[in-house]
Amino acid sequence: MPHLTAPAEASEEGFNFAPLDPAFAADPYAAYARLRARDGLTYFADFDIHLASRFEDVSAIVMDKTMVRSLDGLVPPEEIVAQQRAANWHDMPHHSRFVQFSLLDSDGEVHDRLRKAVFRLFTPAMVARLRDDIQAYVTRLLDRLLDQRDIDFVEDLAAEVPGHIIGRLIGVPDEDCPKLRIWSENIVQFFDIDRSDARKQIAETATTEFYEYLSALKADRLKALRADLISELIKAEAAGQFSEDEFISTCMLILMAGHGSTIDVLGSGMHCLLKFPDQAARLKADPALLPTAVQEMFRYESPLPFFHRYATEDVTIAGTPYPRGTKFGLLYGAANRDPSAFEAADRFDVGRKPNRHLAFGGGAHFCLGNHLARLDMEIIFGSLLARTRAIELADPAVTYKRGLSVRGPKRLDLRLVPA
Amino acid sequence: MPRITFISADGTQLDVEATEGQTLMAAAVAHGIEEIAAECGGACACGTCHCYIEASQLALLPPADEAETAMIECVIDPRPESRLSCQVKLTAAQDGLVVHLPASQH
Ligand code: HEM
Ligand code: FES
């Protein structure tokens, strides 16, 4: 386990911000509250980043058009290479082509062009077309799990759905979807906690295998286009809007952005219903509350709580001036519990309205997959509540994943009592 | 101070005093209008601030630009009177504007 020392700024006041510690995983919200209470932003030396935790500050940064995600053009190329080395992101030929470059990590015109080409696939109307398919899949899963009764909600239910649905959206045959999950997890695990050479090798291998798989699938799809992402991207490439690398990178991003995050929020959302039985009862009695309940799950346990931006111009945030090139940390998870933006912010309320939170980010990079994630959640919780008389937490000691970039339970052992 | 009337899908009407220079989205949010979800915060990146301008008043607004037009094609039930409220900057010229809200943005 990597041990990180507290930054001088934080330890001076006896506040040790240690987001990779198990204590933070157990309860990040106490640390977030302390961050919000401090003046201005908090410099976190371990990541060389200025952390924004209040709703107002995080919103100001995401909405600022001079803030970007990519360092390109902001510092000399040698410095980018030096930073890559320091982070152990170097010497990964496929990873740097298809993961380190992406729609998410581009800005300005490149970002607009890539985003535009896929946006249409993620509109409410397009996503709604997947509804019957998702419902049928979840119904079959539940048929089996309601017989089984004792389940790990994360592994047996949550993890089964998003990969399958995103696979459908991309155009991957059902039987290959389990592979997608392994590849995406092997790539994602190198982002945050563990930058060891061993993990690096696993991430590079997964990227290579995924690349080869997608290339073969693309070659096959060229013979006959369908209504899926691959076909859409083939058209965009033919029209000169997309390069081949951008094609692969975009497929990978969509899988990685939407997979783990949905599994995590399904798990934490289920855990919320168990921790707040009055809210679960309210939702069960009035399924029309599902959309607001799901919106509240995203706010209450934001599954992707931490992103970054770079300033391309000198800027003042929370009253403090920062020079061009400053790196800011956006703590969406902290902003979403800010009592100055949400009444009784630490209360889980399935009917909360309005609930304009930042779990999907904001500004130009606002999450493309939000409608899809909501639909998965509404179908799963709607079906589960309708088909059970009771759901009991079999093991109340629930452990959450470690790290600042993700939030979700590792497992959730339940006993289902069928209706 | 442009006065704006918001009409919900169920017919409920709310008159608000907006400020010049404010976007129509910001005016709606500031007055607690839930139908304007405005999830991307006004970056023309989500389409959840969609609304319909009273047809006879469309000419009171400058036309939508290319990015707004493309986004409007992606919302639920787009119509000729559709606008993204985050892309409409209010001036005195829009005093008396009537805005119809969709039942849902999702
Ligand atoms: C389950 C919950 C999800 C959460 C909490 C979530 C959250 C986010 C956030 C916060 C961002 C913006 C990152 C930033 O501010 O720098 C983002 C971007 C993105 N998300 Fe999601 N996401 C989820 C599900 C999905 C799904 C299901 C998909 C696709 C299938 C998806 C695809 C994307 C893509 C492609 C981007 C990049 C958009 C851009 O850079 O323009 N997400 N997501
Ligand atoms: S608020 Fe997102 S497009 Fe207007």
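Values reported hereafter were calculated over all heavy atoms of this structure, with side chains retained and with hydrogens, waters and symmetry mates removed. Throughout, protein chains are lettered first and strands after them, A, B, ... in sequence-line order, and every chain is numbered starting at 1.
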J.: Checking A:K116 against B:E66 for the salt bridge (charged side-chain N to carboxylate O under 4.0 Å, His left out) test, could you report, in this order, the C-alpha distance in whole Å, the side-chain angles of both residues, the deciding distance, and whether it holds?
T.: CA-CA 12 Å; A:K116 232 189 205 157; B:E66 196 193 325; 3.8 Å; yes

J.: Is chain A contacted by the side chain of B:V29, its backbone, both, or neither, given a heavy-atom distance below 4.5 Å?
T.: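 The answer is both parts of B:V29.
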
J.: Do other residues, nucleotides or ligands put more than 12 heavy atoms under 6.0 Å from B:Q57 CD?
T.: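 Yes, because the 6.0 Å sphere around CD of B:Q57 holds more than 12 heavy atoms from other groups.
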
J.: Kindly give the heavy-atom pair with the smallest separation between A:G363 and B:A45, and that separation in Å.
T.: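 Heavy atoms only, the tightest pair is O-CB, 3.5 Å.
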
J.: Please round to the nearest 0.5 Å and tell me the distance separating atom SG of B:C86 and atom CE of A:M63.
T.: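 If I round to the nearest 0.5 Å, the distance is 7.5 Å.
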
J.: With the side chain counted from C-beta on, respond yes when B:E73 and A:T123 share a heavy-atom pair under 4.5 Å apart, and no when they do not.
T.: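 Answer no - side chains too far apart.
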
J.: Looking at B:C46 and A:F119, what are the two nearest heavy atoms and their distance?
T.: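 Nearest pair, atom of B:C46 first, then A:F119: O-CZ, 4.4 Å.
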
J.: Under a 4.5 Å heavy-atom cutoff, which of A:H371, A:R374, A:R120 has the most pairs with chain B?
T.: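 Among A:H371, A:R374, A:R120, the one with the most close pairs to chain B is A:R374.
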
J.: Nearest 0.5 Å, please: how far is CZ in A:R356 from OG1 in B:T48?
T.: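 With rounding to 0.5 Å, OG1 (B:T48) is 9.0 Å from CZ (A:R356).
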
J.: Nearest 0.5 angstrom please: A:H365 NE2 to B:C40 SG, how far?
T.: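 So the gap between those two atoms works out to 12.0 Å.
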
J.: Taking the side chain as C-beta and beyond, is there a heavy-atom pair between B:E39 and A:F366 under 4.5 Å?
T.: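 Contact flag for B:E39/A:F366 side chains = yes.
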
J.: Tell me if the CD atom of B:Q13 is crowded by more than 12 foreign heavy atoms within 6.0 Å.
T.: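 Correct, the count exceeds 12.
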
J.: For A:E378 and B:H106, what are the C-alpha separation, side-chain angles and deciding distance, and is it a side-chain contact (heavy atoms from CB on, under 4.5 Å)?
T.: CA-CA 12 Å; A:E378 287 178 23; B:H106 292 291; over 6 Å; no

J.: Taking side chain as everything from C-beta outward and backbone as N, CA, C, O, which of these in A:D112 sits under 4.5 Å from a heavy atom of chain B? Side chain, backbone, both or neither.
T.: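 Neither part.
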
J.: Go through B:C74, B:A43, B:G41 and name the one with the most non-hydrogen pairs under 4.5 angstrom from chain A.
T.: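 Going by pairs under 4.5 Å, I would pick B:C74.
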
